[in-house]
2 protein chains.
Amino acid sequence: MVTIHDVAKAAGVSISTVSYALSGKRSISATTRTRIDRAIADLDYRPHAAARMLAGARTNILALSAPLRQDGHLPTHMRFVSAVVAASRAHDYDVLLLATDDEVSGIRRVGSSSLVDGVVMMGVATGDERLPIVRDLALPAAFIGVPGDVDDIACVDLDFAAAAREAVDRIADLGHRVVGMIGHPPSYLERQTGFIERFDQALEREAAAKGVRIVRRWAGLERGAGRSAVDELLAEAPQLTAVLFHCNEPVVEEAERRLLELGVDVPGQVSLFAAAASYDPSRLEIPLSGITLPLEDMCRRAVEAVFAAVDGRPAPDVTLLEPRFEDRGSLIPAP
Amino acid sequence: MVTIHDVAKAAGVSISTVSYALSGKRSISATTRTRIDRAIADLDYRPHAAARMLAGARTNILALSAPLRQDGHLPTHMRFVSAVVAASRAHDYDVLLLATDDEVSGIRRVGSSSLVDGVVMMGVATGDERLPIVRDLALPAAFIGVPGDVDDIACVDLDFAAAAREAVDRIADLGHRVVGMIGHPPSYLERQTGFIERFDQALEREAAAKGVRIVRRWAGLERGAGRSAVDELLAEAPQLTAVLFHCNEPVVEEAERRLLELGVDVPGQVSLFAAAASYDPSRLEIPLSGITLPLEDMCRRAVEAVFAAVDGRPAPDVTLLEPRFEDRGSLIPAP
DNA sequence: CGGCATCGTCGAAGCGCTTCGATAGCTTCG
DNA sequence: CGAAGCTATCGAAGCGCTTCGACGATGCCG
């Protein structure tokens, strides 16, 4: 193994000079720098990660706590994980993945042993049990989601209330007065993910303000849930002219299929709107207009909030990202 | 931060004694051990990971190189990742996730800086470019998949040839003589993943031996691919009595749906068989009899092969897991 | 009952790096 | 022209742990 000593010897300087040349924390003459660079290249020197962690202040590793629930949507989950890795790598950080029953205890383990500089947490719920842990460890952390009232730890999320308002406004402004809505399965609500409540409350208020009647259904994860949600909506409110989705991709796919099967003209008779889609709504059988979850942006900001905390810079408490509407033709004026 | 010195002082022993008590590498008297345990508990001591890595031989971290192709199936990918994490944690190892354009270069980075003890590689292709890297670094490694002729690095995979033979045998033995097959998209083949070739060759040979005619189609990833594959199969061989799937879940779902739509009686008229399913074939609209990819087992063995290499124990070169048939009622005797 | 393992413990070296303080050699300016 | 201030470099301390060799205290055997 080639160490900093070998480089120093080859370049004819002391190891501290090599170290400073590497970190740039003190000025180095051009000639010395050249000799050191050559030595490093010749020997193919790579600093020993553990030595660096021990002597330096940081590990250049971030933990990602990624709990995967029974009812979780795997593709979405994977997208979040990938996005966090990408965002971390952009800052030369590596990601340690905490999963499979270790998302909570693992934080304590890797945090208290100084294996990581901070932690990003997915799958956040109101009253998240990881909150006291990161507080206790004083570990730089960020939540993707909002675990209730938090003012000491960064949270990043879509502004679900604004998303609901935007959805209602756009739908109402096009003249729709009776709107069906298919929401996340009840199990999500029981888990107190928070975002559903925030969405629903704003939805209700805005609908009242705009004079829109909303008929709701929740689709579970079992096969056929999306299909029967559509059937039930149409039975209860045959006069509806729009359907708003706030649920996972499989449900949307089924619902679309059912509408086509029933010969409903989309968007001629019924407009469709995807709210906070965690999937790509442009790749559906009927591409959906609506608001896409800004997943990459959320992850990037969460990662950057952790870095801010690591560096002692002030990190924003709660960042709610503005919903961005994208038109894909599925939402048109009411017939 | 509480260090081993603090524990030693609190217990009234030297730090080496504490270290030996922790590692169990030398005997410690019962009384001393008790005092040390108490001190550790009182102070809530956690060994500093970096110090441990530096002084000791290993890092207790494994890298997971998880390339996600454009045409990759996210849920399957996530399952592999989870399974590797679970297997690693069972041995008290953490997993560093290399992804998003860093699956290859990242191996060199974390390997040469001694950040990890070894690496598990997913998404293996024939002539995999990661092979020379792990050889060059002499990094303990294991492939999930078989990158061609390899005798120095562990590979774990399903025995796809045996799976093909088993599929043909079971189907043929039930009297089916004309069998449709829907395979992976051509892009998979171009990438030389290897397993498709192994499957296809064995399939062809066994079909010839058993006197079964196989009509093949490949379904791409675009919407409707599974549907049209079914239509084409039925057009080319209307007399077929079984369909063999060797493809991703979305294709199977579409194909099943199309069969139902066409009023085909499954399995009365047409039996269905899932070969090497990377998804759960029991949760499909029509649960499929067949062979499930032993994903957890593959990951566990790969991880264990890396540990064997780390420990200097002999690791098996190529482990091909025996296919296991499971009956879910979709395969019955030919009408 | 003296010599010799064995057991339990200790001190110190060292893993490879970062960083602090010191210093030699220059330049600059009153 | 000498004090002051830079710039570039070095030596050494130290990060928290593991592990080697040493050593006193026991126990055991002939």
Side-chain angles (χ1 to χ4, degrees), chain A residues 1-37 39-40 43-61 92 109-117 310-311, chain B residues 1-37 39-40 43-61 92 109-117 310-311:
Chain A
M1 171 173 206
V2 27
T3 73
I4 199 171
H5 286 95
D6 304 318
V7 175
K9 201 182 297 170
V13 297
S14 74
I15 62 160
S16 51
T17 303
V18 176
S19 181
Y20 285 123
L22 247 42
S23 68
K25 291 191 178 169
R26 283 196 186 177
S27 49
I28 300 286
S29 71
T31 58
T32 306
R33 159 150 284 139
T34 313
R35 292 217 313 281
I36 291 177
D37 287 348
I40 288 177
L43 300 172
D44 192 29
Y45 165 71
R46 310 294 172 112
H48 191 283
R52 216 167 213 194
M53 293 181 203
L54 183 56
R58 57 187 55 179
T59 67
N60 269 255
I61 304 178
D92 202 33
R109 180 167 45 78
V110 301
S112 62
S113 66
S114 306
L115 218 196
V116 302
D117 291 336
V310 170
D311 294 342
Chain B
M1 171 173 208
V2 29
T3 74
I4 197 171
H5 285 96
D6 304 319
V7 175
K9 199 182 299 171
V13 297
S14 74
I15 62 160
S16 51
T17 303
V18 176
S19 181
Y20 285 123
L22 247 40
S23 70
K25 290 190 179 168
R26 284 196 184 175
S27 48
I28 300 286
S29 69
T31 58
T32 306
R33 159 151 283 137
T34 312
R35 291 217 312 283
I36 292 177
D37 288 347
I40 289 177
L43 300 173
D44 191 28
Y45 164 70
R46 308 296 171 112
H48 190 282
R52 217 169 212 190
M53 293 182 201
L54 183 57
R58 58 187 56 180
T59 67
N60 269 255
I61 304 179
D92 203 31
R109 179 167 47 78
V110 301
S112 62
S113 66
S114 304
L115 219 197
V116 302
D117 292 336
V310 169
D311 294 343

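FYI, side chains are in, hydrogens and waters are out, and symmetry mates aren't considered; it's all heavy atoms of this structure. First the proteins, then the strands, lettered A, B, ... as listed; each starts at 1.
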- prompt: Would you call R46(B) and D44(B) a salt bridge, using N to O less than 4.0 angstrom?
  reply: yes

query: Does S27(B) place a side-chain N or O at less than 4.0 Å from the phosphate oxygens OP1/OP2 of dG8(C)?
result: yes

query: Taking NZ from K9(A) and P from dC10(D), how many angstroms apart are they, rounded to a whole number?
result: 15 Å

field: Lys/Arg N to Asp/Glu carboxylate O, D311(B) vs R58(B), below 4.0 Å
entry: yes

message: So for R35(B) and dG8(C), does any side-chain atom that can act as donor or acceptor lie under 3.5 Å from a complementary atom in the base?
response: no

- request: Mark yes or no for a side-chain to base donor-acceptor pair under 3.5 Å between Y20(A) and dC20(C), with no hydrogen or angle criteria applied.
  value: yes

message: On the side chain of R26(A), is there an atom forming a donor-acceptor pair with the base of dT9(D) - under 3.5 Å, no angle test?
response: yes

query: Would you say dT18(D) has OP1 or OP2 under 4.0 Å from some side-chain N or O of K25(B)?
result: no

query: Can you check the L22(A) CG to dC17(C) P distance for me, whole Å?
result: 9 Å

- prompt: Within the side chain of T32(A), is there an N or O that forms a donor-acceptor pair under 3.5 Å with the backbone of I28(A)?
  reply: no

query: Do S19(A) and S16(A) meet the criterion of a side-chain donor-acceptor pair at a distance under 3.5 Å?
result: no

Using nucleotides 13-16 of chain D, report all nitrogen or oxygen pairs with the protein that are shorter than 3.5 Å.
residue : atom : partner : partner atom : Å
dC15(D) : O2   : A55(A)  : N            : 3.4

- prompt: Just checking, is any N or O donor in the side chain of T31(B) or T34(B) under 3.5 Å from an acceptor N or O on the other one?
  reply: no

Atom-to-atom span, CZ of R33(B) to C1' of dT9(C) - whole angstrom: 13 Å

- prompt: Hey, which of these two, S16(A) or T17(B), hits DNA chain C nearer its 5' end, going by closest nucleotide?
  reply: T17(B)

query: Can you check whether P47(B)'s main-chain N or O pairs, donor with acceptor, with R52(B)'s side chain at less than 3.5 Å?
result: no

message: If you define the side chain from C-beta out and look only at heavy atoms, does anything of L22(B) sit under 4.5 Å from Y45(B)?
response: yes

task: Would you tell me if any nitrogen or oxygen in the side chain of S19(B) comes within less than 4.0 Å of OP1 or OP2 on dT18(D)?
output: yes

query: Does a nitrogen or oxygen in the side chain of S29(B) sit under 4.0 Å from OP1 or OP2 of dT9(C)?
result: yes

